[in-house]
*Asks:* 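Quick one: the structure is below, and I'll ask about it shortly.
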Amino acid sequence: MKRRTKIVVLGSALLLTAGAASAATASDAPRERTTASDAPRQQATADAPRQREAAALTGTAKLYRSAGDDITFSFDAHLAAKDKADPSKATGTFEFSHYLNGEGARAEVKVDCLLTGGKVAVVSGVVTGSDLPGAEGKRVGVTVHDLGRHDRLGYSWASTGSPVDTEELPKCVSSAPFEKVKKGTGDFMVVPWQPEL
C-alpha cells in the first residue's frame, strides 16, 4: 500500500492602494484543517524521499472593504529546501489589484525574499508589470497571517498610500497584517521556515 502524505502550501495576498482600510469582523466559526506544522517534512516518491520546501506562501483571496472595493492578492512564493539558509533565494510571483467603480490598477511582482514563522509570512519582490504609473521596478512587501477563514494581510505601502511612494524598501519588509480577508473568497496558506539556529 502506497503511503500518501500531504504538504500544506501557503497563500497570501497583496494590496495596490491603502485607501480607507475598514476593519470588519468575520462571523463564521474557525474551521479545522491540516496546517503546515502537521505536515510531514518529506514526501515519499517512487524513487526516493523528497524534502519539503523550506518555506512557502500560496493562495488567492479578496480583502474586505465596506465601500465595496475589489482588492485581490494572489501568491505563489517558494523557498527550496536546498536554499533553507538564504530567504533571498526564494522564487515565484505574486499579484495584487485594487478596483472601485471601474477604476484602479494591478501589479505583477517577481519574488526576491520569503520569510515565514509559524503561520505568518513576509514576502517581497520587484514589480515587473503594472498599469499604475511609476510602479514598475519598485520593491513591495506583503505580510500574511494564516488564520484559516480569518486570514489577515498587510503591505509595505500601508503608511504611504501607494507602492509608488515607497523608496528603497529592503527585502522581506512589510507592515503588520491589519487587513481582513473577505468572507468566502479563499484563504492563504503558509509553510513555516525552520532554520538551523
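Quick caveat, the model's predicted, so the values are computed rather than measured. Quick note: numbers below take in every heavy atom, side chains included, and nothing from hydrogens, waters or symmetry partners.
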*Asks:* With sequence neighbours left out, write down each residue that passes side-chain hydrogen bond (donor to acceptor under 3.5 Å, both in side chains) with Thr91, or none if nothing qualifies.
*Replies:* none
*Asks:* Can you find a heavy atom in the side chain of Arg106 that is under 4.5 Å from one in the side chain of Asp131?
*Replies:* yes
*Asks:* Using a 3.5 Å distance criterion without hydrogens, assess whether the side chain of Ser97 forms a donor-acceptor pair with backbone atoms of Ile71.
*Replies:* no
*Asks:* Taking the side chain as every heavy atom from C-beta outward, state whether Val181 and Asp187 have any atom pair closer than 4.5 Å.
*Replies:* no
*Asks:* If we only count heavy atoms from C-beta on, is the Pro163 to Leu132 side-chain gap below 4.5 Å?
*Replies:* yes
*Asks:* Glu136 and Thr128: which non-hydrogen atoms are nearest, and at how many Å?
*Replies:* OE1-O, 3.6 Å
*Asks:* Can you check whether Asp69 reaches His98 side chain to side chain, under 4.5 Å on heavy atoms?
*Replies:* yes
*Asks:* Can you name the nearest heavy-atom pair linking Ser124 to Cys172, along with the distance?
*Replies:* OG-N, 2.8 Å
*Asks:* If you define the side chain from C-beta out and look only at heavy atoms, does anything of His150 sit under 4.5 Å from Lys183?
*Replies:* no
*Asks:* Could you check Thr166 against Val140 for side chain to side chain contact (heavy atoms under 4.5 Å, CB included), going step by step and ending with a plain yes or no?
*Replies:* CA-CA 8 Å; Thr166 304; Val140 293; over 6 Å; no
*Asks:* Does the side chain of Phe96 come within less than 4.5 Å of Val109's, by heavy atoms?
*Replies:* yes
*Asks:* Closer than 4.0 angstrom, basic N to acidic O: yes or no for Asp70 and Lys62?
*Replies:* yes
*Asks:* Between Thr60 and Thr72, is the side chain to side chain contact (heavy atoms under 4.5 Å, CB included) condition met? List the steps.
*Replies:* CA-CA 7 Å; Thr60 297; Thr72 305; 3.9 Å; yes
*Asks:* If we only count heavy atoms from C-beta on, is the Lys119 to His145 side-chain gap below 4.5 Å?
*Replies:* yes
